[in-house]
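One structure is given here, and the rest of the page talks about it.
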Amino acid sequence: MNADLIVYNIGQLVTSKELLIPNDGESLMENIEIIQGGYLAVSGGEIIGIGKGDVPSKFVKFTTKLIDAEGKVVTPGLIDSHTHLVHAGSRENEFLDKIQGVPYLEILEKGGGILSSVKSTQQATEEELVFKAKKSLKRMLGFGVTTIESKSGYGLDRNTELKQLYVNERLNHEQEVEIVSTFMGAHALPKEFKNNREGFIESVIALLPEIKEKKLAEFFDVFCEEGVFSIEESRKMLLEAKKNKLKLRLHADEIINIGGAQLAVEVGAYSADHLMAISENGIKALKNSKTIANLLPGTSFSLNKEYAPARKMIDEGVQVALSTDYNPGSCPTENLQLIMQIAALKLKMRPKEIFKAVTINAAKSLGKDKKIGSLEIGKKADFVIFDANNIEYILYHFGISHTKKVFKGGCLVFKK
Ligand code: IZC
Ligand code: ZN
């Protein structure tokens, strides 16, 4: 079959295809294929050929576009599987308090934090939200990110939650980064409901059928945390969301351990996110499940808190993804490459583990691994050419973007 596009002279081709068993001495999370010296052939936006050595002549026709990778690294398009992309305003007014050690939940209790972003988002027009989100998406694309998850949760009322989800829908049509939409109506308890928690929870549940029917979200998420939503409250909402055929993910054990990881496994969530305070039992539960541990070390870095025990989790057999948690409070950055670099330096994750975490495992956490997350025949031609000779270099030289070119569905969408 002829190709529309061929990338040749690839130095390191990280396919992220999972090997049945890892190489000797490597962890279960290092079981991804890396081809030294290879090519990639694309037709109609899909991968039709991939392999080692020179390009087989059967792929080449007159009109095939040829791209010389100049011996550099090529990987699947990176996937950021946890963001709070759509919001208005910013929270630099809390920044000094934050760096002086005022706890995140204390700022929230005083009506700041999430509730301050809620206020700005309620007041913003759909147009304003789209404009701001597009600016961030452009940055993300520049870091090699071709798919993200994007949560609502800065509305906490029907109209604003729906407005955020409509923005997700519009963004999917109006720019290149693919958006997976999550309804997170239970992100915080609005002040008006201080004495009526049950009433608020019922209002979140009441929105589920409409969101499903209008196809505004694929996932449902809750901020399950001491002082926010308890295990029982979270379970109730998650099970209702499941009844409404939404897939689940969960903010779990971010600040205090209350058994969030176990709850995520119990309800069959695709991911349990954060896990800085995960317990031994939480690790055990994840290990024996399909739930991906979605780690967000940029948040630990930004809040100056401890990091999730990634090394222990991986060594015990837990499958990990890495994401930015991009949001205006606890992690205001769109830079997934920086998160990968922090994962190397602070989580002691190894290069192959990190690339697995932001490709095929991130795709699994979004239920999209049949289409994206690895470079295999039949999958979507989302890939990145890095200005680096090997994956170690991308992690070692930190704080910058190594992206050279980004392709989405076989089309060039970013070029340095
Ligand atoms: O706006 O602070 N953790 N939700 C739960 C967040 C962080 C986002 C925020
Ligand atoms: Zn979050």
Side-chain angles (χ1 to χ4, degrees), residues 80-95 97-99 102-122 124 129 132-133 136 148-156 160-161 164 168 180-190 217 219-230 234 248-256 258 260-261 264 269-277 292-306 308 321-334 336 339 362 365-366:
D80 190 346
S81 53
H82 183 136
T83 85
H84 301 256
L85 170 75
V86 181
H87 61 266
S90 55
R91 307 216 299 252
E92 69 275 23
N93 59 324
E94 296 166 1
F95 185 58
D97 274 353
K98 198 179 90 173
I99 52 185
V102 181
Y104 176 82
L105 291 178
E106 200 176 305
I107 296 175
L108 177 60
E109 256 161 48
K110 285 190 194 139
I114 296 171
L115 293 175
S116 126
S117 298
V118 167
K119 209 170 178 184
S120 318
T121 308
Q122 285 174 340
L129 294 175
K132 182 169 160 63
S136 288
I148 71 159
E149 184 257 10
S150 167
K151 304 175 198 297
S152 69
Y154 293 124
L156 310 185
T160 317
E161 287 293 317
Q164 281 190 280
N168 277 345
V180 179
S181 184
T182 296
F183 171 47
M184 195 179 179
H187 191 192
L189 187 73
F219 280 90
F220 178 73
D221 192 348
V222 180
F223 191 7
C224 176
E225 184 68 51
E226 193 163 296
V228 191
F229 294 102
S230 70
S234 303
L248 308 178
R249 46 205 320 107
L250 186 62
H251 281 63
D253 301 330
E254 174 178 352
I255 299 160
I256 294 163
I258 55 169
Y270 279 64
S271 70
D273 299 44
H274 282 293
L275 308 174
M276 281 125 85
I292 300 273
N294 200 0
L295 306 185
L296 319 168
T299 306
S300 305
F301 177 77
S302 158
L303 294 179
N304 226 345
K305 306 260 299 187
E306 68 273 40
L322 284 164
S323 304
T324 57
D325 192 21
Y326 169 59
N327 75 72
S330 60
C331 198
T333 182
E334 297 93 342
L336 187 58
I339 303 308
S365 88
L366 296 177

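Scope of the values below: all heavy atoms of this structure, side chains included, with no hydrogens, waters or symmetry mates. Both counts, for ligands and for their atoms, begin at 1 and track the order of listing. Note that the coordinates shown come from a computational prediction; the quantities given were computed from them, not determined experimentally.
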Test item: [X] and [Y] side chains (from C-beta on) under 4.5 Å apart, heavy atoms:
| X | Y | value |
| --- | --- | --- |
| S271 | S81 | no |
| L295 | H274 | no |
| I339 | P297 | yes |
| Y154 | H187 | yes |
| L250 | L248 | no |

For the residue pair R249 and F219, would you count it as a cation-pi contact if the rule is NZ or CZ under 6.0 angstrom from the ring centre and within 45 degrees of the ring axis?
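Yes.
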Below the 3.5 angstrom mark, is there an N/O of Y104, backbone or side chain, next to an N/O of ligand 1?
yes
Show me which atoms of ligand 1 lie under 4.0 Å from any heavy atom of [X].
| X | value |
| --- | --- |
| F223 | 3 (N), 5 (C) |
| N327 | 1 (O), 2 (O), 8 (C), 9 (C) |
| I114 | 1 (O), 2 (O), 4 (N), 9 (C) |
| Y154 | 1 (O), 8 (C), 9 (C) |
| S330 | 7 (C) |

Looking at the Zn ion (ligand 2), which N/O/S atom of H84 is the nearest one?
NE2
Which N, O or S atom name in D325 marks its closest approach to the Zn ion (ligand 2)?
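Of all N, O or S atoms in D325, the Zn ion (ligand 2) lies closest to OD1.
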Rounded to 10°, how many degrees is the angle NE2/H82-the Zn ion (ligand 2)-NE2/H251?
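It comes to 90°.
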For ligand 1, is any non-hydrogen atom under 4.0 Å from [X]'s backbone (N, CA, C, O), its side chain (CB onward), both, or neither?
| X | result |
| --- | --- |
| E254 | side chain |
| H187 | side chain |
| R91 | side chain |

Look at the side chain of S120 and the backbone N and O of S116, then say whether any donor-acceptor pair between them is shorter than 3.5 Å.
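Yes.
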Sidechain-backbone polar pair: S90 side chain, P328 backbone, donor-acceptor under 3.5 Å:
no
When rounded to the nearest 0.5 angstrom, what is the spacing between OG in S330 and CZ in F301?
13.5 Å
Any N/O/S of E254 under 2.8 Å from the Zn ion (ligand 2)?
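So E254 does not count as coordinating the Zn ion (ligand 2).
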State yes or no: are the ring centers of F220 and F183 separated by less than 6.0 Å?
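Between F183 and F220, which both carry aromatic rings, the centre distance is below 6.0 Å.
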Heavy atom of H87, distance to ligand 1 below 4.0 Å:
no
Test item, S117 contacting ligand 1 (heavy atom, 4.0 angstrom)
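No; S117 lies far enough from ligand 1 that no heavy-atom distance drops under 4.0 Å.
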